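Since the model is a prediction, treat every value here as computed from it, not as a measurement. Side chains included, hydrogens not; waters and symmetry mates left out as well; all remaining heavy atoms used. We name chains A, B, ... by the order of the sequence lines, and we start the count at 1 in each one.
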Number of protein chains: 2
Amino acid sequence: MHTQVIDTLKKNQLNITDSRKTILQLFMQSDGALAHMDIENNTGDEFDRVTIYRTLQTFVDKGIIHTIPSADNAIRYALCKDACSEGHHHDNHIHFMCDHCSTTYCLDHVEVPALQLPGGFMASRTDMVVSGCCNRCSK
Amino acid sequence: MHTQVIDTLKKNQLNITDSRKTILQLFMQSDGALAHMDIENNTGDEFDRVTIYRTLQTFVDKGIIHTIPSADNAIRYALCKDACSEGHHHDNHIHFMCDHCSTTYCLDHVEVPALQLPGGFMASRTDMVVSGCCNRCSK
DNA sequence: GCATTTTTTGCAACCATGTTGCAATGTGGT
DNA sequence: ACCACATTGCAACATGGTTGCAAAAAATGC
């Protein structure tokens, strides 16, 4: 598991630093998406707030994680699939945010349906966020 | 046009105040969605920042406007269709945000496709935001 | 029209999220 | 071990949004 973290960083030509190792590991251990706060809570005061923001931004730039918009005004991040690379995301799956436990899931197997947009509109990115009750909370 | 503002406020059992009249009129004149900033810019310092936030919240609660999530960390608002009422939104249309001019459109005629969610997941709300180049900017 | 009750506003203060500049420190390559 | 460069931490700032409370403005009753 630990080697996978190093591998991913090297594959993306990133220097190996404590914060990148720790934060990337957090993503690999988590099944859902993480907001900045989740990371800060999980690392204590090991890293500065700013370092976390910059590390997340670096990962997004490299295509390691992608952002998930939300109505509650806090950007969440989740690991990209292998198909993503620098400057080119392929995260056309939908996201699910649970109203009860606030966990955000990437529903990798639910494809975003194709849309017929009005004339003149050209889509470059589609975000689909479904909220409701997740499979753990509905039991 | 002005009577329509008053009508809408009365229909929702809201007192008629300057801020509500002015802000609601702004929405009716605008074709796209408005963020808090847009409203503040359009009203100068006629109203306090807090008043605008509270007026927007009131309108959302009454089902007059609905929120649009976005990745840039600023909630946008747009007029609801007639079908919306207090505590019960029917805004299952798609939103389009232009990368160039930042205008946010409600594409009322593009329905959100039905989804097949994994077992145990129950959707209560679906937000679909497409970004790209709008029909004005693509000319 | 005036007094009373209820709503709404404005102000100040606060919190959360995110960014920028710069000096100090750590990392990779030789 | 050294050097060049990348990264971190700190302070400060910017924006988006909320809360408590007193003052002002509506609606209500008379």
* Does OP1 or OP2 of C/dT9 have a side-chain N or O of B/Ser19 closer than 4.0 Å? ->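 Indeed, a polar side-chain atom of B/Ser19 lies that close.
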* Short side-chain N/O contact from B/Thr51 to OP1 or OP2 of C/dT8, under 4.0 Å -> no
* Structure fact -> Bend of the helix from C/dG1-D/dC30 to C/dT30-D/dA1 from end-axis comparison, five pairs per end, nearest 10°, comes to 40°
* Sequence-aligned protein contact record of nucleotides 16-30 of chain D, with B where the base is within under 4.0 Å of a protein heavy atom and S where only the sugar-phosphate is -> SBBBB------S---
Distance check needed: [N] [atom2] versus [X] [atom1], whole Å only.
{"X": "A/Lys62", "N": "D/dA6", "atom1": "NZ", "atom2": "P", "answer": "11 Å"}
{"X": "A/Gln13", "N": "C/dT27", "atom1": "CD", "atom2": "C1'", "answer": "16 Å"}
{"X": "B/Leu56", "N": "C/dT8", "atom1": "CG", "atom2": "P", "answer": "15 Å"}
{"X": "B/Phe47", "N": "C/dG10", "atom1": "CZ", "atom2": "P", "answer": "7 Å"}
{"X": "A/Leu9", "N": "D/dT7", "atom1": "CG", "atom2": "P", "answer": "11 Å"}
{"X": "B/Asp45", "N": "C/dT9", "atom1": "CG", "atom2": "P", "answer": "16 Å"}
{"X": "B/Glu40", "N": "C/dG10", "atom1": "CD", "atom2": "P", "answer": "12 Å"}
{"X": "A/Asp61", "N": "D/dT7", "atom1": "CG", "atom2": "C1'", "answer": "15 Å"}

Minimum side-chain heavy-atom gap [X]-[Y] below 4.5 Å:
{"X": "B/Cys106", "Y": "B/His95", "value": "yes"}
{"X": "A/Pro118", "Y": "B/Val110", "value": "yes"}
{"X": "B/Ile94", "Y": "B/Val112", "value": "yes"}

* State, to 0.1 Å, how close B/Ile16 and B/Lys10 come at their nearest heavy-atom pair, and which atoms those are. => CD1-CG, 4.0 Å
* **Other residues, nucleotides, ligands: >12 heavy atoms within 6.0 Å of B/Asn41 CG** =>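 Yes - once you tally the heavy atoms of other residues, nucleotides and ligands closer than 6.0 Å, there are more than 12.
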* Sequence neighbours left out, what passes side-chain contact (heavy atoms from CB on, under 4.5 Å) with B/Ile75? Give chain and number order. =>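 Listed in chain order: A/Asn73, B/Thr67, B/Tyr77.
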* Using 30° and 60° as the class limits, which term best fits the ring planes of B/Phe121 and A/Phe96: parallel, tilted or perpendicular? ->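 The arrangement is perpendicular - the two ring planes meet at more than 60°.
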* **Residue from A/Thr22, A/Thr55, A/Ile23 passing side chain to side chain contact (heavy atoms under 4.5 Å, CB included) with A/Ile39** =>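 The residue from A/Thr22, A/Thr55, A/Ile23 that satisfies side chain to side chain contact (heavy atoms under 4.5 Å, CB included) with A/Ile39 turns out to be A/Ile23.
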* Asked: CD of B/Gln4 to CG of B/Leu9: how many Å apart, nearest 0.5 Å?
  ->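 If we round to the nearest 0.5 Å, B/Gln4:CD and B/Leu9:CG are 11.0 Å apart.
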